[in-house]
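Just so it is clear, the values below take in all heavy atoms, side chains as well, and ignore hydrogens, waters and symmetry mates. These numbers were taken from a predicted model, which means no experiment stands behind them. Residue numbers count from 1 along this sequence.
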Amino acid sequence: MTRIDPHRFSIAPMLDWTDRHERYFLRLLTRHALLYTEMVTTGALLHGDRARHLDFSREEHPVALQLGGSEPDDMARCAELAQQWGYDEVNINVGCPSDRVQSGSFGACLMAEPERVAACVKSMQAACDIPVTVKSRIGIDEHDSEAFLQRFVDTVAEAGCDTFIVHARIAILAGLSPKENRDVPPLKYERVHRLKERHPELKISINGGLKTLAACQAQLDKVDGVMMGREAYQNPYILASVDQDIFGSIEAVPARQEVMKKYLAYVAGQLASGTALQHMTRHILGLYKGQPGGRLFRRHLSENAHRKGASISVLEDAVALAEAAIERQQQADAENMVTPAEQSTQLQTGVQHA
């Protein structure tokens, strides 16, 4: 049996977005894609509520924990926790450009300290048996060169890391906001492609600006894996075809209604445990994007899920509204459809009248 490598397609770690509810929902769309947590700082794990940050549903596998930190001992203790909690991988954030992250001396600014990242990798690998990976940019600020990226990867790889997820933009740490850093610096996919050419022994995944599965498939001719971010969150149904198009699955693509039936069961259990409905519905607003009932679905959830005492019926009603709109559109299309025979008859009638 051929082993499926989940790194072939993964969903990016996104702060305030890829929490456990979002990951459960995404898993209903794709069985094989690798999911990542939001970035969790070492301080939050070592001094805060570990269960709140680390708990997840077994259905989420394969799932990786992304850590933010730069002290080798702290990173090692957190890697050990990741293994204890059952994560499939622990990832080091060397790509986030926010001021808060920089003030903690981790994230993208660590690209300027490859030896420190290497030390973290060594300590973490000594503390756990699960893979330790790194997510980075191609450079930072004035360090916008292949030589800079090469030195970073060489140093960290020598410490034992064999998997790098590379956002194909530099991060501009002074002058651009985190949002601007996701769009303003130009994408340089070729730099990541050449990195893979120089390091065939490493597993290299590419991230940044990928919005279609066709674009992802094209990248897989050059690198080992692709990571999709905002598009997967804002237009989640794009993931329904990932298992077939990227991983070669022969299983049927799940319908939106089928996905929601399973998610409703999850929501019911979470509501019984005290989770507020809005924490689970905010992630799924784009499920019907581009469909006749998309706006109705989104509006109903946005207007009602946050209300005090909101129950699962809010979600059930939103699905019913969307599916009814789709059915009406299908009926209208069927009524307006003209068969070839009818077209021929209409043409003949027109000629006779002429």
Side-chain angles (χ1 to χ4, degrees), residues 6-7 10-27 33-111 116-117 119-121 123-125 127-137 161 163-165 167 171 178 181-182 205 207 227 229-230 232-233 270 275 279-280 282-283:
H7 280 103
S10 59
I11 311 298
M14 292 175 281
L15 197 61
D16 295 327
W17 285 8
T18 49
D19 64 16
R20 61 180 302 184
H21 307 305
E22 162 72 353
R23 298 193 305 268
Y24 189 97
F25 170 66
L26 295 182
R27 184 56 74 214
L34 177 59
L35 305 179
Y36 283 82
T37 68
E38 307 168 85
M39 181 191 68
V40 183
T41 65
T42 54
L45 292 187
L46 297 177
H47 309 296
D49 185 344
R50 292 177 182 175
R52 183 172 73 85
H53 293 294
L54 293 176
D55 282 354
F56 66 95
S57 304
R58 59 182 176 81
E59 291 87 354
E60 294 174 40
H61 289 292
V63 59
L65 172 69
Q66 188 184 63
L67 287 177
S70 59
E71 293 300 324
D73 289 344
D74 290 347
M75 294 290 278
R77 291 168 63 192
C78 290
E80 187 175 11
L81 288 172
Q83 179 165 306
Q84 290 174 2
W85 245 262
Y87 283 92
D88 300 287
E89 171 187 318
V90 58
N91 177 264
I92 306 175
N93 184 318
V94 192
C96 182
S98 78
D99 292 339
R100 183 174 67 86
V101 166
Q102 290 181 61
S103 66
S105 299
F106 57 93
C109 63
L110 281 177
M111 287 201 74
R116 179 181 286 272
V117 179
C120 289
V121 167
S123 294
M124 293 165 72
Q125 288 184 331
C128 71
D129 297 319
I130 58 176
V132 176
T133 65
V134 168
K135 185 175 187 297
S136 73
R137 294 279 182 138
C161 180
T163 302
F164 294 81
I165 303 100
H167 188 154
N181 264 299
R182 293 194 293 266
S205 292
N207 172 228
M227 176 179 276
R230 283 168 290 165
Y233 186 88
Q270 289 293 314
T275 303
H279 295 325
M280 295 172 283
R282 69 187 183 93
H283 299 303

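Qualifying ring-ring contact (aromatic ring centres under 6.0 Å, His included) partners for Phe25, counting only residues two or more places apart in sequence or in other chains: Tyr263. Annotation: ring-ring contact (aromatic ring centres under 6.0 Å, His included) contacts of Tyr233 (sequence neighbours excluded): Trp17, His283. Residues satisfying the salt bridge (Lys or Arg N to Asp or Glu O under 4.0 Å) test with Asp19, not counting sequence neighbours, are Arg282. Take Glu89 and apply the salt bridge (Lys or Arg N to Asp or Glu O under 4.0 Å) test, not counting sequence neighbours, and it matches no residue.
A heavy-atom distance below 4.5 Å is found between the side chains of Tyr36 and Ser10. Ile11 places a side-chain heavy atom less than 4.5 Å from the side chain of Leu26. With contacts defined as side-chain heavy-atom distances shorter than 4.5 Å, the pair Met14/Glu38 does not qualify.
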Less than 3.5 Å apart, which donor and acceptor atoms pair up between the side chains of residues 43-50 and the rest of the protein, not counting sequence neighbours?
from: Asp49; atom 1: OD1; to: Ala51; atom 2: N; distance (Å): 3.3
from: Asp49; atom 1: OD1; to: Arg52; atom 2: N; distance (Å): 3.2
from: Arg50; atom 1: NE; to: Leu45; atom 2: O; distance (Å): 2.8

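The backbone N or O of Pro62 sits less than 3.5 Å from a side-chain atom of Arg27, completing a donor-acceptor pair. Side-chain atoms of Gln66 do not come within 3.5 Å of backbone N or O of Pro13 as any donor-acceptor pair. A donor-acceptor pair under 3.5 Å links the side-chain atoms of Asp88 to the main chain of Val63, judged by distance alone.
For the atom pair CD of Glu60 and NE2 of His21, the computed distance is 9.5 Å after rounding to the nearest 0.5 Å.
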key: Evaluation steps, salt bridge (charged side-chain N to carboxylate O under 4.0 Å, His left out), between Glu71 and Arg116   = CA-CA 8 Å; Glu71 293 300 324; Arg116 179 181 286 272; 3.3 Å; yes
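When all heavy atoms are compared, the tightest approach of Cys78 to Leu67 is CB-CD1, 3.6 Å.
Applying the ring-ring contact (aromatic ring centres under 6.0 Å, His included) test to every pair with at least one member in residues 62-95, sequence neighbours left out, gives these pairs: Phe56-Tyr87.
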